[in-house]
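In what follows, residues are counted from 1 in the order of the sequence shown.
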Amino acid sequence: MAESYEQRTGRLCLKLAKAYIRHTLNDSGRPVAFVNADNGQRVMVMLEEASTATCIRKGLVNPAEKEYPGQTGKAFALHMLNVCFDGEDISTEGLDVMNSIFADGVASYFEREKSND
């Protein structure tokens, strides 16, 4: 049976999360991403496979589907996920994508906090 789009994107999001965490462990020895927020703060994000995969879905797959409805958005999301890999490792493009996902997530968090004040 062929893999459905949801299964494939889920598998690729988890694979990217694992590759990114492996990269951060090799780079700093800790499963942590550091994000420079727009307000000048440096934010530390603890990484865990399932939640990182969820961030990838919310920060890459969902926006691609929303921006380009239908098959075009699905194809674009799959393309973006695939360019994030260099074999089993994360590619340079993948690191850029992950930095963008976390920067957008941190900015969104601070906007919500600001509106709750």
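For T52 (side chain) and E49 (main-chain N/O), no donor-acceptor pair under 3.5 Å exists by modelled atom type. A donor-acceptor pair under 3.5 Å is absent between the side-chain atoms of D27 and the main chain of H23, judged by distance alone. Side chain of S51 to backbone of L47: no donor-acceptor contact under 3.5 angstrom is found.
Note that the CG atom of D104 and the CG atom of L60 stand 10.5 Å from one another [nearest 0.5 Å]. The line from CG of L14 to OG1 of T54 is 9.5 Å long, rounded to the nearest 0.5 Å. Between the SG atom in C55 and the OH atom in Y20 there is a gap of 10.5 Å [rounded to 0.5 Å].
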What side-chain donor-acceptor pairs closer than 3.5 Å can you find for residues 33-43, not counting sequence neighbours?
from, atom 1, to, atom 2, distance (Å)
N36, OD1, R42, NH1, 3.4
N39, OD1, Q41, N, 3.0
N39, ND2, Q41, OE1, 2.9

Using atom types as modelled, flag every donor-acceptor pair under 3.5 Å from a side chain in residues 67-89 to any protein atom, sequence neighbours excluded.
from, atom 1, to, atom 2, distance (Å)
N82, ND2, L78, O, 2.9

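Heavy-atom minimum distance, M46 versus V32: SD-CG2, 3.4 Å. Heavy atoms only, all atoms of each residue included: A2 and Q7 are closest at O-OE1, 4.3 Å.
Side-chain contact, E111 with S108: no donor N or O sits under 3.5 Å from an acceptor N or O.
Taken together through direct or relayed side-chain contacts under 4.5 Å among Ile, Leu, Val, Met, Phe, Trp and Tyr, V97 and L95 form part of one hydrophobic cluster. A continuous path of ILVMFWY side-chain contacts below 4.5 Å connects L25 to F102, so both sit in one hydrophobic cluster.
In this view, N62 and R57, K58, E65 satisfy the side chain to side chain contact (heavy atoms under 4.5 Å, CB included) rule, not counting sequence neighbours.
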| field | Residue pair V61, Y5: steps toward the side chain to side chain contact (heavy atoms under 4.5 Å, CB included) verdict | value | CA-CA 11 Å; V61 176; Y5 170 77; 3.7 Å; yes
| query | Can M98 and L16 be said to form a side chain to side chain contact (heavy atoms under 4.5 Å, CB included), step by step? | reply | CA-CA 9 Å; M98 293 304 296; L16 181 55; 3.9 Å; yes
